2 protein chains.
Amino acid sequence: MLESFYRQGIRTPRTEMIEKIASRLKVYGHIEGKNVFYWFQNHKARQRQKQKEHNMANISNYLHKAHQPVFAAPRRNVVHEEQV
Amino acid sequence: MLESFYRQGIRTPRTEMIEKIASRLKVYGHIEGKNVFYWFQNHKARQRQKQKEHNMANISNYLHKAHQPVFAAPRRNVVHEEQV
DNA sequence: CTTGTATGAATGAACG
DNA sequence: CGTTCATTCATACAAG
């Protein structure tokens, strides 16, 4: 249920929403508002973390295997070539 | 130690007090004034949050379960309506 | 049993 | 000040 809310775009629900969700979850056990709050906090953070690691992996992969320079700006009038 | 200060009523200490506390805490590690400052700021904020959730829980409880024929809710300091 | 991992909780730091 | 973010701690559980 929490994940469905998350998928619907809810990231950092307001206290009101939190309490509403918590009250619906209470049928399954002792759920408090702060539990819901922590869930969203953690889920968002870990989603970001995952995304970050994913990007890092891609970049790393790219730097090691790839062929084209990453930030290759069109060169013009290069007079003296330097080693980088 | 910080909590004892807090319990004694210190909420937003002045720079002078902050530095005094920080200097006493330095024996335990690299404590700076801003660390003490953040501590009081966070502690106060989270104390309020807790209180807020407590109130919300009561309200929620009231709205959902306690359908006693009460006509007036003689509550004061109900932090229920916020921005819309 | 130990090792790895998922997750709730907590807290320092910082933003708007 | 209220809220959000990043990081860490602690624990439960799974894999080996």
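Reminder, nothing fancy here: chain letters follow the sequence lines and each chain counts from 1. Being a predicted model, the structure only gives us computed values, none of them experimental.
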Peer 1: By the side-chain hydrogen bond (donor to acceptor under 3.5 Å, both in side chains) test, which pairs, at least two apart or in different chains, include something from residues 26-41 of chain B?
Peer 2: none
Peer 1: Tell me, please, the opening and closing nucleotides of DNA chain C, 5' to 3', among those with an atom under 4.0 angstrom from a non-hydrogen atom of chain A.
Peer 2: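 Endpoints of the contacted stretch of DNA chain C: C:dT7 to C:dA10.
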Peer 1: Are any non-hydrogen side-chain atoms of B:Gln47 and B:His43 less than 4.5 angstrom apart?
Peer 2: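 Heavy-atom side-chain distance check passes, below 4.5 Å.
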Peer 1: Among A:Gln51, A:Lys52, A:Lys44, which residue meets the side chain to side chain contact (heavy atoms under 4.5 Å, CB included) test with A:Arg48?
Peer 2: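 The option that passes is A:Lys44.
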Peer 1: Return a table of donor-acceptor pairs under 3.5 angstrom between the side chains of residues 12-20 of chain B and protein atoms on other chains or two or more places apart.
Peer 2:
none

Peer 1: Any heavy-atom pair between the side chains of A:Arg46 and A:Gln49 that's under 4.5 Å?
Peer 2: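 A:Gln49 vs A:Arg46: side chains touch.
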Peer 1: Counting only pairs under 3.5 Å, give me each side-chain donor-acceptor contact of residues 1-8 of chain A, with atom names and distances, residues two or more places apart or in other chains.
Peer 2:
{"from": "A:Ser4", "atom 1": "OG", "to": "A:Met1", "atom 2": "O", "distance (Å)": "2.8"}
{"from": "A:Tyr6", "atom 1": "OH", "to": "A:Arg11", "atom 2": "NE", "distance (Å)": "3.3"}

Peer 1: Hey, can you pull the residues of residues 15-38 of chain B with a non-hydrogen atom under 4.0 angstrom from DNA chain C?
Peer 2: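 Listed by number, they are B:Lys34, B:Asn35, B:Tyr38.
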Peer 1: Could you walk me through whether A:Ile21 and A:Phe40 satisfy the side-chain contact (heavy atoms from CB on, under 4.5 Å) test, starting with their C-alpha distance in whole Å, then the side-chain angles of each, then the deciding distance to 0.1 Å, before giving a yes or no?
Peer 2: CA-CA 11 Å; A:Ile21 297 176; A:Phe40 278 96; 4.0 Å; yes
Peer 1: Under 3.5 Å, which N/O atoms of the protein pair with N/O atoms of nucleotides 5-7 of chain D?
Peer 2:
{"from": "D:dC5", "atom 1": "OP1", "to": "A:Lys44", "atom 2": "NZ", "distance (Å)": "3.4"}
{"from": "D:dC5", "atom 1": "OP2", "to": "A:Lys44", "atom 2": "NZ", "distance (Å)": "2.4"}
{"from": "D:dA6", "atom 1": "OP2", "to": "A:Arg48", "atom 2": "NE", "distance (Å)": "2.7"}
{"from": "D:dA6", "atom 1": "OP2", "to": "A:Arg48", "atom 2": "NH2", "distance (Å)": "2.9"}

